[in-house]
Each structure stands twice: as C-alpha cells, then as structure tokens.
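Notes follow once the structure below has been shown.
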Number of protein chains: 2
Amino acid sequence: MRRDVFQAIADPTRRAIIALIALQAMTPNAIAENFDITRQAVSKHLRILTECELVIQKQKGREIYYSLEIEKIKEIDKWLEQFRKIWENRFDQLDNLLLTLKNKKDEK
Amino acid sequence: MRRDVFQAIADPTRRAIIALIALQAMTPNAIAENFDITRQAVSKHLRILTECELVIQKQKGREIYYSLEIEKIKEIDKWLEQFRKIWENRFDQLDNLLLTLKNKKDEK
DNA sequence: TATATTTGCAACCAATAGGTTTCTTAATTT
DNA sequence: AAATTAAGAAACCTATTGGTTGCAAATATA
C-alpha cells in the first residue's frame, strides 16, 4: 500500500485532522471528539497520515500525541510550483496588456 | 458524486494529465498516447477533471480539446495558505535563534 | 492487585474507484 | 454514399476505501 501525500489529503476528514493538529499535538481520543466517527476510524486515518509521514507520533505514558510534519506539506507546494509559473505568467501578460492600454490612452 | 479538487489530484494518472495539458490543449486520443491505459479510461479521468472544473473542453469539429483551468489549481494553493503561515513562522524563529547566537558571539 | 483508560489491530461490510470491452453518435474522408 | 475516425456512455469486474464492531496490550489509578 504505497501512500502518498496527495492520496492522504484527498479525504476531507483527513484534511480536517491535519488542520486540527497543525495548531497543537493531540491524542486520538481528543481528535475523535471533533468528528462523528469512531475513535478507531480516526486511528485508521492517523495511520495513513503516519505512513506517508504527514504526521509524527510522540508517546507520553499511555497517550500518544500526534502532530503535523509541516515539511511534508511543502511537497504539495513543490508540486504546485510548475503551475505557479503559469498563473504568474498570465498575470504578467495581463499587466502588459493594461500597461499597453494605458500608454495608448496617455498618447492621446 | 460530489467531486472536489483534492480528490481529483489524488490519482497519479490524473496529475500527469493535468501536467500534460497545462502546456497545451490536447484531445483525449493524444493524451491517451502518453499512458498505458485505454482511451476510454483517459476519458473517464477527463470527465472527473471536468466535473470539478479543473479542466475545460473546446470542441473543434469532431475533436475535443481539453485544457487546464489554472484558476482551480489555485484552490489548492489557498488551502496551503494556513500551513504556509506555520512554516514561515518556523523560519522566523530559526532566524531569531541564529541572530541571538550571533549577537552573543559578537558581544564576546 | 484489581480495575479503568488509552490505544492499535483484525475481521468484516457496503460503496467507490479505476480499469476493461462493447456499442452509439457525430464528423470527416474517400 | 460508404468507410473511417473521434469521442462519450453503459455494463461489468476487481481492488481499495472508509467505516463499523470486537478484542488484546500496555499504562495508570483505586
């Protein structure tokens, strides 16, 4: 079962979990309180998130605190890079167009 | 079947299709040539991408050209925004730490 | 020491995903 | 007009997903 970040964030519950623990490390029980699914279902999500290294665990007695591995989120950002070039280009083109129009107006 | 962008980009073939047509509009047949799956399977991916508005169609005779709707990609960027704050913060904290260390050294 | 709490794991289930093959429709060539 | 080409739709199949319940292990508390 080769997991990757993109598959991990496909599920809305998992995105919500990520957003939750981004603020502070939390235990599975505490996380589960925020959803209408069982603790075990949350645990499964956490396992998937751990497998693709989006999340790290820290044991504290019998509790396990989960927190976000922010570096992994950057992988998505890295993938976006190729498209960012495109949309910035479009902006430049729009800028140039507006500039051209403005100059033509000024010439009058 | 409520599709969203995150589910759409979860599949690696779909991400490849997106990257392909980001460069130039392409027909399903032309796209399919780049993969080991049938044209019909590509068509299904294109339908999903169209449903969540990541892709737009332009009919030209009996051919249909598919191209990327770059604006929709920005939705992912928007979602990343909340985390970008976090990782920029971490950088700042590191900067401060390094600065503090440097000052201490200079004081000597 | 006995009991309660926190967690992960396994077995199971229904729905969905991603692929295939077959067929239809519409536009282009010959 | 007939044949070819491009594409979507439908039916089907298997693997995966996201959920459940029940159980076992480890730690903490009475």
Side-chain angles (χ1 to χ4, degrees), chain A residues 1-21 24-69 72 76 79, chain B residues 1-21 24-69 72 76 79:
Chain A
M1 238 168 285
R2 318 200 72 227
R3 310 267 183 198
D4 67 48
V5 189
F6 295 99
Q7 212 212 326
I9 63 163
D11 183 83
T13 305
R14 263 180 328 250
R15 285 200 303 282
I17 291 177
I18 290 173
L20 255 182
I21 64 174
Q24 56 177 332
M26 287 174 82
T27 65
N29 264 324
I31 295 170
E33 277 171 19
N34 295 275
F35 301 96
D36 282 339
I37 55 177
T38 60
R39 175 193 55 82
Q40 284 92 331
V42 169
S43 248
K44 274 179 125 185
H45 284 305
L46 286 171
R47 197 166 68 111
I48 291 168
L49 292 171
T50 307
E51 272 172 13
C52 69
E53 296 172 293
L54 259 169
V55 144
I56 50 165
Q57 317 173 10
K58 203 172 259 177
Q59 188 110 21
K60 215 170 194 180
R62 71 184 159 189
E63 292 178 327
I64 299 176
Y65 283 84
Y66 285 87
S67 59
L68 185 62
E69 189 63 88
K72 206 67 181 183
I76 305 160
W79 180 74
Chain B
M1 242 170 283
R2 316 202 73 229
R3 310 267 183 198
D4 67 49
V5 188
F6 297 98
Q7 212 213 323
I9 63 164
D11 183 83
T13 306
R14 253 166 354 234
R15 284 201 302 282
I17 292 177
I18 289 174
L20 255 182
I21 63 173
Q24 56 177 329
M26 289 175 80
T27 65
N29 262 324
I31 295 169
E33 276 170 21
N34 296 274
F35 301 95
D36 282 338
I37 55 177
T38 60
R39 175 194 54 81
Q40 285 90 333
V42 170
S43 248
K44 274 177 126 185
H45 284 305
L46 287 171
R47 197 166 66 111
I48 290 168
L49 292 171
T50 307
E51 273 173 12
C52 69
E53 295 173 293
L54 260 168
V55 144
I56 50 167
Q57 316 174 11
K58 202 173 258 177
Q59 187 108 21
K60 214 170 191 180
R62 68 182 163 190
E63 292 177 326
I64 299 176
Y65 284 86
Y66 285 86
S67 59
L68 184 61
E69 188 64 87
K72 205 68 182 182
I76 304 160
W79 180 74

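The structure displayed is predicted, hence computed values, not measured ones. Each chain gets a letter, A, B and so on, in the order its sequence line appears, and its residues count up from 1.
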>> side-chain contact (heavy atoms from CB on, under 4.5 Å) for B/T27 and B/I64? Distances and angles first, verdict last.
In response: CA-CA 6 Å; B/T27 65; B/I64 299 176; over 6 Å; no
Nearest-Å distance, [atom1] ([X]) to [atom2] ([N])?
X: B/D4; N: C/dT16; atom1: CG; atom2: C1'; value: 14 Å
X: B/Q7; N: C/dT16; atom1: CD; atom2: C1'; value: 9 Å
X: B/E51; N: C/dT16; atom1: CD; atom2: P; value: 13 Å
X: B/R47; N: D/dG8; atom1: CZ; atom2: C1'; value: 9 Å
X: A/E63; N: D/dT27; atom1: CD; atom2: C1'; value: 10 Å
X: A/I37; N: C/dA14; atom1: CD1; atom2: P; value: 20 Å
X: B/R62; N: C/dA27; atom1: CZ; atom2: C1'; value: 6 Å
X: A/Q57; N: C/dC9; atom1: CD; atom2: C1'; value: 14 Å

With [X], which residues qualify under side chain to side chain contact (heavy atoms under 4.5 Å, CB included), at least two apart?
X: A/R14; answer: A/D11, A/H45, A/I48, A/L49
X: A/A25; answer: A/Y65, A/S67
X: A/A10; answer: B/A10
X: A/I76; answer: A/V5, A/F6, A/I9, B/I76, B/W79, B/L80

>> Under 4.0 Å, heavy atom to any atom of DNA chain C: which of residues 8-21 of chain A qualify?
In response: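 None - not one residue of the stretch has a heavy atom sitting under 4.0 Å from the strand.
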>> Please evaluate residues B/D4 and A/R15 with respect to the criterion salt bridge (charged side-chain N to carboxylate O under 4.0 Å, His left out), reporting the C-alpha separation (whole Å), side-chain torsions for both, the decisive distance (0.1 Å), and the verdict.
In response: CA-CA 13 Å; B/D4 67 49; A/R15 285 200 303 282; 3.8 Å; yes
> If each of B/T27 and A/I48 is mapped to the nucleotide of DNA chain D with the nearest heavy atom, which maps nearer the 5' terminus, i.e. the 5' end?
Replying inline: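 Whichever sits nearer the 5' end wins; that is B/T27.
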>> Counting only heavy atoms and a strict 4.0 angstrom limit, can you tell me which residues of residues 38-46 of chain B come near DNA chain D?
In response: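 When residues 38-46 of chain B is checked for heavy atoms under 4.0 Å from DNA chain D, the hits, listed by number, are B/R39, B/Q40, B/S43.
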>> The test is side-chain contact (heavy atoms from CB on, under 4.5 Å); show your working for B/T50 and B/I56 and say whether it passes.
In response: CA-CA 6 Å; B/T50 307; B/I56 50 167; over 6 Å; no
> Would you find a donor on one side and an acceptor on the other, under 3.5 Å apart, between the side chain of A/E33 and the backbone of A/F35?
Replying inline: no
>> With a 4.0 Å limit, can you tell me whether B/Y66 has a side-chain N or O closer than that to the phosphate oxygens OP1/OP2 of D/dG8?
In response: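 Answer is yes, contact under 4.0 Å.
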> Taking OP1 and OP2 of C/dT7, is either one under 4.0 Å from a side-chain nitrogen or oxygen of A/N29?
Replying inline: yes
> Checking side-chain contact (heavy atoms from CB on, under 4.5 Å) for the pair A/L68/A/Q24: CA distance, chi angles, key distance, verdict?
Replying inline: CA-CA 8 Å; A/L68 185 62; A/Q24 56 177 332; over 6 Å; no
